[in-house]
Amino acid sequence: MTAALAPQKPERPNRPTDSEEGRPPAAGLADVGRGYLAQVRAGEFGALPAVAGLVVLCLFFSLLRPVFLSNLNFANLLTQSAGSIAIAMGLVFVLLLGEIDLSAGYASGVCAAVLAILLTNHGWPWYTAVAAAMLTGAVIGLLLGTLVAKVGIPSFVVTLAAFLGFQGVVLILLKEGTNVSVKDPTILAIANDNLSPVLGWVLLAGCAAGYAALQLRRSRDRLGRGLAGTPVALLAIRTGAVVVLGGAAVYLLNQERSRNVIVSSLKGVPIVVPVIGALLLLGTFTLQRTGFGLHIYAVGGSAEAARRAGINVAYIRTAAFVICSCLAAVGGIIAASRGNSVDPNTGGSNVLLLAVGSAVIGGTSLFGGRGRVVDAVLGGLVVAVIQNGMGLMGYSSGVKYAVTGSVLLVAAGVDAMSRRRSAQR
Amino acid sequence: MTVTPTLELRGIDKSFGPVQVLHDIALSAYAGEVTALVGDNGAGKSTLVKCIGGIHSVDAGDYLFDGRPVQVHSPRDAAALGVEIVYQDLALCDNLDIVQNMFLGREKRRGMVLDDSTMEEMAAATLRGLSVRTVKSLRQKVSSLSGGQRQTVAIAKAVLWNSKLVVLDEPTAALGVAQTAQVLELVRRLADNGLAVVLISHNMNDVFAVSDRIAALYLGRMAAQVKASDVTHAQVVELITSGRSGNLGPQTTPNGAAV
């Protein structure tokens with residue numbers, strides 16, 4: 001038995017130690033802190049390694065290469081990482097089940113190729129082309145999910161085959177390797193344009209207010225029913241953190257970052273940031289607040305228990321693959337926008353590995369059952385900082401790959417260790 | 001007997017291919033009583049439980065619930081009647097908390113959103129009703145619980161739904177002494193709260209500690225169903241190992257031993 005499991009001390013009969021929410025109404029910040037420490041000791045690291053890694057890496061690179069901290073580089077970092085973060089968010093759903101989707105990278109390539117061909121070769125308007133790309137993603141997910149959930153082929157093999165297959169599909173769609181350029185202004189704006197500075201502030205204010213209101217309402221509801229609620233001080237700290245971090249980011253991004261202001265002005269929050277933000281909100285809501293999300297965790301924790309509880313396990317598995325491939329389609333659209341074109345390498349080379357790496361570095365377990373959508377964002381930023389910072393330091397791609405690979409290995413090691421720790425209890 | 005048993009099985013047969021596992025089984029379980037189901041390995045206890053729970057459907061025989069004949073072909077049919085089975089491996093999700101496990105598959109919702117607060121209230125009320133004080137927080141993950149606490153959660157999950165019959169498959173098999181006592185106390189409390197309880201166990205001490213009736217299976221047949229106060233330890237062991245004891249069990253040879 002670990003300390004967290006030791007018999008209660010009589011003088012504090014309701015001392016909370018384990019859960020984020022399971023504390024009595026009177027709990028103060030100290031109790032919350034103690035609860036969090038107990039969680040970490042038990043192997044539930046949560047976002048801790050990713051956030052710590054992000055801080056350390058940022059400090060490291062900004063000391064060695066001050067240009068790392070420039071406004072231009074900060075904005076670049078966000079747009080560089082957006083495509084892979086979107087794919088990683090989808091992978092979180094599949095990883096939560098203990099499955100893997102190795103084809104997500106090339107699935108994003110196929111969807112990007114569909115988008116580019118419809119826009120450029122067939123002159124479709126952007127919205128129908130985007131819808132077609134998303135539909136392509138959904139069909140891919142349905143196919144993969146059915147093969148895994150209904151036919152029963154291991155996801156590793158299904159998606160490895162699909163990895164090769166989609167590579168071929170991209171080549172066929174692009175007529176053996178031609179490059180299809182994307183000229184639609186709306187699509188190009190996604191990764192290349194910015195919100196106006198005012199709109200950036202308005203969006204941040206809206207998010208902070210909504211966040212605070214939701215948290216407060218939830219806490220009030222629980223306290224009103226005599227259940228353990230989150231202390232108001234913690235709510236204030238959380239909201240304060242959102243305001244300060246978000247405010248700093250919006251402020252920096254609203255600075256002029258064009259090298260030549262007379263030619264073109266470049267300032268404001270890149271449009272991909274609210275796009276990723278919206279996906280993050282939607283994904284987090286789905287996983288944390290809906291029955292469907294809970295069932296994904298349940299199937300990942302114990303498929304047998306889920307089946308006995310009457311959950312349609314095959315449906316949950318298939319749905320997770322559909323979500324994964326749809327988010328890969330979003331990643332493909334972002335990649336097409338950022339590259340101004342689609343070529344046979346879109347979604348190829350290291351895209352998938354970086355996306356898997358992002359999810360795992362962020363704290364999503366490869367063994368299933370543990371992870372959140374925000375992990376993909378945090379891990380994606382870590383990966384982007386490594387790639388970007390090492391690029392600024394003049395290292396070759398070879399070294400970048402080797403370092404990113406090592407970080408992924410370390411993250412997977414942390415994952416395996418924390419799993420062993422919680423199994424020992 | 002004027003009281004109608006909550007569960008009454010009559011003449012149950014079950015075969016898997018050419019192998020007949022259950023022969024003409026009769027079993028009654030009464031509200032407010034613990035009925036122990038004992039038998040050696042391979043006697044057919046698990047098969048019988050799966051028939052009660054609807055995982056297997058019976059080949060022949062009557063399944064009466066509260067005196068009414070019913071058809072049970074799936075776990076959903078059984079659950080609809082108010083039959084809950086706690087299997088030996090518990091089937092809990094380690095990565096979910098106590099409330100989530102108790103409501104898994106039957107979550108309360110408010111529109112699209114899970115109604116966590118109501119579920120937590122109901123779970124707390126159920127645990128209070130069972131006088132469970134061993135868990136600190138309902139929001140702690142099941143992976144952090146001890147074996148006895150897990151068993152408690154699984155049993156609480158079974159009684160959350162106003163069930164009438166709870167079948168427990170070896171609930172104390174993997175537990176230490178103190179935890180076994182806790183779980184047995186909980187089993188007794190289920191019956192005292194008016195449920196019919198069927199307890200499967202290998203442990204004669206457990207059986208005599210909590211049960212009102214004992215049903216002994218021997219090679220797929222019901223050797224005897226007796227009141228716990230009418231038999232001794234040794235007699236039950238004899239029933240399990242040889243299918244008969246004195247005048248208990250099928251009388252194929254002249255009655256020799258004293259009762």
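Chain identifiers are assigned alphabetically (A, B, ...) following the order of the sequence lines, protein sequences preceding nucleic acid strands; residue numbering begins at 1 within each chain.
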**Student:** Is the number of heavy atoms from other residues, nucleotides or ligands within 6.0 Å of OH (A:Tyr315) greater than 12?
**Tutor:**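 No, not enclosed.
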**Student:** Rounded to the nearest 0.5 Å, what separation is found between the OG1 atom of B:Thr118 and the CG atom of A:Asp221?
**Tutor:**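 B:Thr118 atom OG1 to A:Asp221 atom CG measures 7.5 Å (nearest 0.5 Å).
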**Student:** Out of curiosity, B:Cys93 SG to A:Leu294 CG, how far, rounded to the nearest 0.5 Å?
**Tutor:**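 Reported value, rounded in 0.5 Å steps: 8.5 Å.
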**Student:** Provide the full list of side-chain hydrogen bond (donor to acceptor under 3.5 Å, both in side chains) pairs with a residue in residues 294-303 of chain A, sequence neighbours left out, each pair given once.
**Tutor:**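 side-chain hydrogen bond (donor to acceptor under 3.5 Å, both in side chains) check on residues 294-303 of chain A returns A:Gln288-A:Tyr297, A:His295-B:Glu107.
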**Student:** Please list all pairs passing the ring pair (Phe, Tyr, Trp, His ring centres under 6.0 Å) test where one or both residues lie in residues 96-133 of chain B, with sequence neighbours left out.
**Tutor:**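 Every pair satisfying ring pair (Phe, Tyr, Trp, His ring centres under 6.0 Å) with a residue in residues 96-133 of chain B: B:Phe103-B:Trp161.
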**Student:** Chain A: which of B:Ile85, B:Asp94, B:Asp89 shares the most heavy-atom pairs with it under 4.5 Å?
**Tutor:**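 It is B:Asp89.
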**Student:** Which members of residues 277-287 of chain A, sorted by number, sit under 4.5 angstrom from chain B on a heavy-atom basis?
**Tutor:**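 Listed by number: A:Phe285.
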**Student:** Closest approach of B:Ser117 and A:Arg222, non-hydrogen atoms and distance?
**Tutor:**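 Closest pair (atom of B:Ser117, atom of A:Arg222, distance): OG-CG, 3.8 Å.
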**Student:** Kindly indicate whether the side chain of B:Leu114, heavy atoms from C-beta on, has any atom under 4.5 Å from the side chain of A:Thr290.
**Tutor:**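 A side-chain contact under 4.5 Å is absent here.
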**Student:** Given a strict heavy-atom distance threshold of 4.5 Å, which part of B:Asp115 is in contact with chain A: side chain, backbone, both, or neither?
**Tutor:**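 Contact with chain A involves the side chain of B:Asp115 alone.
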**Student:** Side chain of B:Asn95, backbone of A:Arg370: donor and acceptor closer than 3.5 Å?
**Tutor:**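 It does not hold such a pair.
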**Student:** May I ask you to say whether B:Asp116 pairs ionically with A:Arg289, meaning some side-chain N is under 4.0 Å from a carboxylate O?
**Tutor:**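 Yes, B:Asp116 and A:Arg289 are salt-bridged.
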**Student:** Show the atom names and distances, to 0.1 Å, of all donor-acceptor pairs under 3.5 Å that link a side chain in residues 180-201 of chain B to residues at least two apart or in another chain.
**Tutor:**
unit_1: B:Thr180; atom_1: OG1; unit_2: B:Gly176; atom_2: O; d: 2.6
unit_1: B:Glu185; atom_1: OE2; unit_2: B:Arg189; atom_2: NH2; d: 2.7
unit_1: B:Arg188; atom_1: NE; unit_2: B:Asp192; atom_2: OD1; d: 3.4
unit_1: B:Arg188; atom_1: NH1; unit_2: B:Val210; atom_2: O; d: 2.6
unit_1: B:Arg188; atom_1: NH1; unit_2: B:Asp212; atom_2: OD2; d: 3.2
unit_1: B:Arg188; atom_1: NH2; unit_2: B:Asp192; atom_2: OD1; d: 3.3
unit_1: B:Arg189; atom_1: NH1; unit_2: B:Leu130; atom_2: O; d: 2.2
unit_1: B:Ser201; atom_1: OG; unit_2: B:Asn203; atom_2: N; d: 3.0

**Student:** Under the side-chain contact (heavy atoms from CB on, under 4.5 Å) criterion, do A:Arg308 and B:Ile55 qualify, and how do the steps go?
**Tutor:** CA-CA 10 Å; A:Arg308 285 200 209 152; B:Ile55 289 183; 5.7 Å; no
**Student:** Decide if atom CZ of A:Arg220 counts as having more than 12 heavy atoms of other residues, nucleotides or ligands within a radius under 6.0 Å.
**Tutor:**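 Atom CZ in A:Arg220 is not crowded, with 12 or fewer foreign heavy atoms closer than 6.0 Å.
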**Student:** Would you mind checking if A:Arg225 and B:Glu120 are paired as a salt bridge, meaning a charged N to carboxylate O distance below 4.0 Å?
**Tutor:**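 Salt bridge: no.
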**Student:** Please classify the contact of B:Leu104 with chain A as side chain, backbone, both or neither, using a heavy-atom distance under 4.5 Å.
**Tutor:**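 B:Leu104 touches chain A through backbone and side-chain heavy atoms alike.
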**Student:** Which atoms of B:Arg106 come close to chain A, meaning under 4.5 Å heavy atom to heavy atom: side chain ones, backbone ones, both, or neither?
**Tutor:**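 Neither part.
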